[in-house]
Amino acid sequence: DNGCQQCGDDTFSAAGASFCSGCREGMVSAAGSTSDEDCFFAPCSAGNYMTDIGCQQCGENTFSAEGASSCTNCSEHMVSATESTSEDDCSFAPCLAGSYMTDNGCQQCGENTFSTDNDSSCTSCPEDMVSTAGSRSEEDCFFAPCSAGNYMTDIGCQQCGENTFSADGASSCTSCPEGMVSEAGSTSDDCFFEECPAGQYRSYNMTTCANCRVNTVSEVGSTECTTCPAGSEANANFTSCSCTLGWHSTNGDRPPCRRCERLDSCQSKTSEYMDILNGAFKSGNIQGVINGFNVIVNSDVSLSPENAQQLIQLLSSIKHLLKNASTNIEGLSTAIMEIIEIVKNSKPEFSNEKKNSEIIEIIEAVSMTLKEGSNITTASMLAKSIVSQREGVKLDAPKAVPKVNLPVRINFGTQEGQRANVVVMDESFKDILPKPQGINDTIGSPIVSVNFMNTQKVPKSSFSLTFQLKQYPEHEGYTMESQCVYLNTTTDEWMTNGCTTIINKDETCTCNCSHTTSFAILMSPTKITDTDTQELVSYIVGLINIMFLSLTFCLVAPFKKLRNKQLVAIQLSLILTLILGHVSFASLSASARITVDASGDPLLSLNTGCVAGVTLTQYFFLSAFFWMGCIAWTFFKKIANAIKTFGNTDKYYFHKCAVISWVCPAVFPVAALLLFKVQNKDGYTMPYVGASKENGTSCWVENPWRYIGFL
């Protein structure tokens, strides 16, 4: 309405226009512009740049100043946001995992370290672990391969132990080859053969050390053992040689050795050798003991009695080892039997009586080790394990002395089917065993030791040994009596308990025994007596006594006037008891004989007649003793009072004597029978009666009861 007006900025108009047109988007123009050609793009603001279509925003990691036609990149390793206006807007970008920030930007983490996103530094791997450069987490860390001598575990490398080795990077250790050793932390080249100790050797084709053989020795690290020179032997450890028994040296006891000319020149060596034997035993070197025994057995020099006694002491200790199944039982048993032969021939001087029985105890211990069917034979002993048979077993003594050692037969009785370990020793062993109690008694047979193995319990266990009797020269007026005996090792006595002696018609002697131990035949010189004549004289005298006693009784008893006198009545009672006593004694002597069972026991059930006869006989003689007492008392009173009619004053004097003389004597035999009946409930022992355990022998009152009433 007011006329023409000039177009403003960013617009234009042609002539005659009634209004102004705006420039295209993004373009500007000066005021009064006449066409769109006067429009132009305005300079871009900082953070943008000019393009054909106008300003465009600078992207990330670039920047621009105002009016810029392009964006400038940030420096290397630096970043910026969009529309950054200057280089100041550029900054270093956060580091990625495996890198860390420095003044110069991100740097890659080195070996054995790691980093995660945005870390400003790298973290070292755990101890003993490694990683490659640029590792991004702890999981990238790992244990480094172990060096030689170590091996990998869950917690890292560990050192290999002794006698093992490893190479680099090993996950386990390898054992050294057999026979080789190594120190801890060894590599494959470090294994070596350990030196063998003295007494052992290892040759080049051996992986382990071996003991030197008998009578050879070696030093430390030896590849072979050297044989000891003549006359010398290896010690128990096979480390040195020394002169053996019967040899000596001028260089102590070291080789060279020369044979002894006299026993006393080697005595010190023998004592020293005993010390070595004891040392081998105490150290548990049983093979050394066996070797030592064999040297003594093979030596030409006899042991002194003192050395033999020392050997017995050693054997007594060693016998306990025979129960140990881990030792060389067979070799040790054989060596012990051989050494006992040497000891026996040396006739040791015992320091106490107990050692007399120790040899038997040692031999019995050896016999207990025998296995079924095995045996050990020496010059004078035979040890054998046998299974019992119904017909018995014959045991021949060692063949070295067949004339001295007569055969022995063992019958097993109630032990049939059991295994028995038996040792037969020849008669010469009696010289080192306890002496029989009798001055002139002697052992006259082989000595037999019997032990039943795994014995079942059977009532009244019994067995028998049959010995061939030897012929001894007869001395005028004496004969040799044979008796079965056993050696009681507790008391050192030859005893007869539990053994019955039976002399057979074939000049053999059978011993029935109810226990096991060592048995023999005891020969005793006995004075010869004419028993038949004595028996005949006894019968004649007995008949004379009975005849005159009966005649006296018959001449007085019919007359009442005489019978009414108390003294005469007492005398008649005495005569009657004497007659009955003589009759019972004669009947007992003529008819009663002992009967024994298969085991030699005089059972009560087999000898009731003997018991009854002995009881009555003793009763009648005891009664006669009491009647004589009454008579003696009567005469004493008559003399003391000088009254001829004494006796008539006591109307019941005879009755009192009758009670005393008939009743009192019965107390003793009845009490004895009852007492022995209580003490012997098994019925094996005959009460009150003593008898030889042999069929047909006379029965009589047992000691000391026989003396009561007969003195």
Side-chain angles (χ1 to χ4, degrees), residues 529 531 534-550 552-553 569-596 601-633 654-711:
T529 56
T531 55
Q534 290 179 351
E535 187 174 1
L536 178 61
V537 171
S538 296
Y539 280 128
I540 293 175
V541 172
L543 288 174
I544 292 174
N545 286 338
I546 294 173
M547 181 179 65
F548 279 100
L549 288 170
S550 300
T552 303
F553 185 85
I570 293 173
Q571 292 172 330
L572 288 175
S573 298
L574 172 61
I575 292 171
L576 179 61
T577 56
L578 290 173
I579 292 173
L580 293 174
H582 278 82
V583 170
S584 63
F585 177 75
S587 301
L588 183 68
S589 300
S591 60
R593 291 291 182 269
I594 292 297
T595 302
V596 299
D601 291 321
L603 302 185
L604 175 60
S605 59
L606 300 176
N607 297 277
T608 53
C610 174
V611 175
V614 168
T615 303
L616 287 174
T617 300
Q618 188 169 31
Y619 167 72
F620 286 132
F621 280 108
L622 284 172
S623 178
F625 173 79
F626 278 89
W627 282 114
M628 284 189 286
C630 287
I631 294 174
W633 181 255
F654 173 77
H655 299 84
K656 295 177 181 178
C657 286
V659 172
I660 293 173
S661 301
W662 288 115
V663 177
C664 291
V667 173
F668 176 79
V670 171
L673 283 171
L674 293 176
L675 176 63
F676 277 83
K677 185 66 175 175
V678 171
Q679 292 178 344
N680 298 275
K681 294 181 180 180
D682 56 3
Y684 293 149
T685 305
M686 215 167 30
Y688 190 44
V689 175
S692 295
K693 296 185 177 183
E694 184 178 345
N695 282 316
T697 56
S698 299
C699 68
W700 193 229
V701 183
E702 177 64 283
N703 285 328
W705 322 115
R706 67 177 61 171
Y707 299 109
I708 300 177
F710 295 98
L711 295 177

Donor-acceptor list for residues 572-581 side chains, cut-off 3.5 Å, not counting sequence neighbours:
unit_1, atom_1, unit_2, atom_2, d
Ser573, OG, Ala569, O, 3.1
Thr577, OG1, Ser573, O, 3.3
Thr577, OG1, Leu574, O, 2.7

Distance-only donor-acceptor pairs under 3.5 Å for side chains of residues 620-627, two or more places apart:
unit_1, atom_1, unit_2, atom_2, d
Ser623, OG, Ser661, O, 2.6

Val663: which residues meet the side chain to side chain contact (heavy atoms under 4.5 Å, CB included) condition with it, sequence neighbours left out?
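Side chain to side chain contact (heavy atoms under 4.5 Å, CB included) check on Val663 returns Val659.
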So CD1 of Ile570 and SG of Cys657: to nearest 0.5 Å the spacing works out to 4.0 Å
Between the NE2 atom in His582 and the CD1 atom in Ile546, the distance rounded to the nearest 0.5 Å is 6.5 Å
